[in-house]
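Order of listing sets the numbers, starting from 1, for every ligand and every atom in it. It should be emphasised that the depicted structure is a prediction, and the values quoted were computed from it without experimental measurement.
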Amino acid sequence: MPVDSPFDDERTEVAVGSGLTDHLHPETLAVHAGGMRTPFGETSEALFLTQGFVYPDMESAERRFAGEDPDGFIYSRFSNPTVAMFEQRMATLDGAEAARATGTGMAAVAAALLGYLKAGDHVITSRVLFGSCAVILGEILPKFGVESTFIDGTRPENWRAALRPNTRAFFIESPANPTTELIDIAETAEIAHEAGAILIVDNALGTPLIQNPLQHGADVVTYSATKHIDGQGRCLGGLVLASEEFIETHLKNYLRHTGPALSPFNAWVLLKGLETLPLRIARQARNARALADALKRLRGVSQVLYPGLPDNPQAAIFKKQMKSGGSVLAFELEGGKEAAFRFGKALELVRISNNFGDAKSLVTHPATTTHQRFSREEREAIGISEGMLRLSAGLEHQGDLINDVVSAVKAAH
Ligand SMILES: *Cc1c(COP(=O)(O)O)cnc(C)c1O
């Protein structure tokens, strides 16, 4: 095997910018994009479970460390061939110039914020957030001299009103976890750019199949690959997608030297996850929609929130930026926490867990789990009531799922 050419020519066959990707659809790219094949001609992506790489001579090592051999690998904290395949496939799917993988979704969010911001900067964030995102923005960044302002991000005027001369970034989740609230990405990006700030979108609920924030003006996108990209509850992972320039200037050194690297093994699992992502998303979204429709007809259910519902108050934003409502819905039971807990007890198929995007349908009670650390008033302000449940529809048979959820609501009522 030639030492200096670990991959055959197929390495660049389905890569970003090759032109080949322009006419290929997401289902095809999810299977092929970013694939690199060694001279053994393996069908499945190779798993390079290695910490480091050997060099044919000292001169080669010197060139690699000097950055003169950009395709050569140095150390898996910097990059790894299996991880690189995963990054390339995700960048292609999302139409991004570049992607960097991290060990978890939170490592990706932290990298995007800490890599870009510095003491004295100000960030504005929408207030409906995954619990750990709220901790980074509200508690960790301020320790390092970065101030953050939490607003109701659904109203454009709120972003303008919160601007300061030192505002350098906007942060949103859309759809937001757990209420599925939507924010107009293009409109928010425009306000950010007018003020000289960037827009960072946490697209964990969206997935690259449903929503591509970069195409709507966002500058940086983060993912928790733990969710739909794995989709079978096996491993953690995350990604930051942005322009080459952003990654080079703000992320490269941060990631290399603080070390939130994704394990090659997990990258391999996630690559395999991407191959079936379009199939899973389509089926899970159908199940979620069917559950939302069934829940709407039930007594004891005071509210059903699902982006794909025609009477969703944010239907106009949904149409503008999402291709599907996705797998996650939220609903509110009359009777508060007691009713929500009775519902949990009555379920026979849907499992209680705080993950989502899984093949197994999962339900969580945000007020007592992911958002337990917030006060009741803080939760009510962002629409997380004591009776609210977040349900992630899995791959099960639709009839089985509806039967389980409907009987549990009846039992709780
Ligand atoms: C789960 C989640 C994260 C964190 O991802 P991990 O992989 O668990 O670290 C970040 N943002 C959102 C919106 C999430 O749902």
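At least one heavy atom of Asp202 sits closer than 4.0 Å to an atom of ligand 1. Residue contacts with ligand 1: Gly237 is included, with a non-hydrogen atom under 4.0 Å away.
Phe343 has its ring centre no less than 6.0 Å from the ring centre of His365. Taking the six-membered ring where the residue is Trp, the centroids of Tyr116 and Phe246 are separated by under 6.0 Å. Two rings, from Phe171 and Phe150, have their centers 6.0 Å or more apart.
Nearest non-hydrogen protein atom to atom 5 (O) of ligand 1 is Ser224 OG, 2.9 Å. Looking at atom 15 (O) of ligand 1, its nearest protein heavy atom turns out to be Lys227 NZ, 2.8 Å. Of the protein's non-hydrogen atoms, the one nearest atom 7 (O) of ligand 1 is Thr226 OG1, 2.5 Å.
Residue Gly105 has at least one N or O atom closer than 3.5 Å to an N or O atom of ligand 1. For a threshold of 3.5 Å applied to N or O pairs, the pair formed by Met106 and ligand 1 contains at least one separation below that value.
No side-chain donor-acceptor contact under 3.5 Å links Ser148 and His122. Side chains of Ser76 and Gln51: no donor on one and acceptor on the other come within 3.5 Å.
In summary, the atoms of ligand 1 found under 4.0 Å from a heavy atom of Phe356, numbered by their order in the structure, are 15 (O). In summary, the atoms of ligand 1 found under 4.0 Å from a heavy atom of Thr104, numbered by their order in the structure, are 7 (O), 9 (O).
Classification of the Tyr75-Phe78 ring pair by plane angle, with boundaries at 30° and 60°, yields perpendicular.
Here the CG-CG distance, from Leu349 to Asn403, works out to 9.5 Å after rounding to the nearest 0.5 Å.
With a 4.0 Å cut-off on non-hydrogen atoms, Glu173 touches ligand 1 through its side chain and not its backbone.
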